[in-house]
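One structure is given here, and the rest of the page talks about it.
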Amino acid sequence: SYWCTANKDFYVCKVENSLNYIDSAYFDAFSNYSLLGKLQNLINGSLYRGQNEGVQSVLRIGNTQIVTGSYVHDGGVLGISYPEFKGLPTLLLTPWTGTEGMSHTGRSSTSATLICTKGAVKCDVLIIGEAP
């Protein structure tokens, strides 16, 4: 590699040479700033308010999207929405202590229906899939 004192950048040699200046036929620019920008945009977090109860946390790591939320609903059926996924995400339910009969009746890339056959819907939800 070659450090150019004039523009304060590194250059990678493509072809062996004895030049003491930058010629694009022989050198490719190598910038730490472009790498830093890619790393800074790798992880992104936000809050999302879906339909009905609750605010969900949304975390994107690369092309993976993770959504978490907690739900309490007195009826036995609760429709929830979440940020769009590319394809069908994996949905995991963790019923709260004392809650029995929790499941979901299906999911799409943007919503799911939670049901509780024995009382109120009370659970934490984790949804993982590919970001759109």
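The analysis underlying the following values was restricted to heavy atoms, covering all of them including side chains, and did not include hydrogens, waters or symmetry mates.
In this structure Asn17 satisfies the side-chain hydrogen bond (donor to acceptor under 3.5 Å, both in side chains) test with no other residue, sequence neighbours excluded. Partners of Arg60 under the side-chain hydrogen bond (donor to acceptor under 3.5 Å, both in side chains) rule, at least two apart in sequence or in another chain, are Gln65. Thr64 is linked by a side-chain contact (heavy atoms from CB on, under 4.5 Å) to Ile66, Ile128, counting only residues two or more places apart in sequence or in another chain. Remark: Glu16 engages no residue in a salt bridge (charged side-chain N to carboxylate O under 4.0 Å, His left out) (not counting sequence neighbours). The side-chain contact (heavy atoms from CB on, under 4.5 Å) test applied to Cys123 returns Leu93, Met102, Leu114, Val121, Val125, not counting sequence neighbours. Under the rule for a side-chain contact (heavy atoms from CB on, under 4.5 Å), the partners of Thr105 that lie at least two apart in sequence or sit in another chain are Thr113, Ile115. Looking at residues two or more places apart in sequence or on another chain, you find no salt bridge (charged side-chain N to carboxylate O under 4.0 Å, His left out) involving Asp124. A search for salt bridge (charged side-chain N to carboxylate O under 4.0 Å, His left out) contacts involving Glu130 returns Lys86, not counting sequence neighbours.
Applying the salt bridge (charged side-chain N to carboxylate O under 4.0 Å, His left out) test to pairs two or more places apart or on separate chains, those with a residue in residues 101-123 are Glu100-Lys118. Counting only residues at least two apart or on different chains, the salt bridge (charged side-chain N to carboxylate O under 4.0 Å, His left out) pairs with a member in residues 17-29 are Lys14-Asp28.
In terms of heavy atoms, Thr99 sits closest to Cys116 at CG2-SG, 3.9 Å. For Ala25 against Val15, the heavy-atom pair with the smallest separation is O-CG2, 4.2 Å. Contact between Ala112 and Leu91 at its shortest, heavy atoms only, is CB-CD1, 3.6 Å. Minimum heavy-atom separation, Tyr82 to Ser109: CE1-O, 3.6 Å.
Between the CG atom in Leu19 and the OH atom in Tyr11 there is a gap of 13.5 Å [rounded to 0.5 Å]. Rounding to the nearest 0.5 Å gives a distance of 7.5 Å between CG of Leu78 and OH of Tyr71. Atoms CD1 and NE2, on Ile80 and His73 in that order, are 12.0 Å from each other to the nearest 0.5 Å.
No side-chain heavy atom of Pro132 sits under 4.5 Å from any side-chain heavy atom of Phe85.
Side-chain N or O atoms of Ser111 include none that pairs as donor or acceptor with a backbone N or O of Ser108 at under 3.5 Å.
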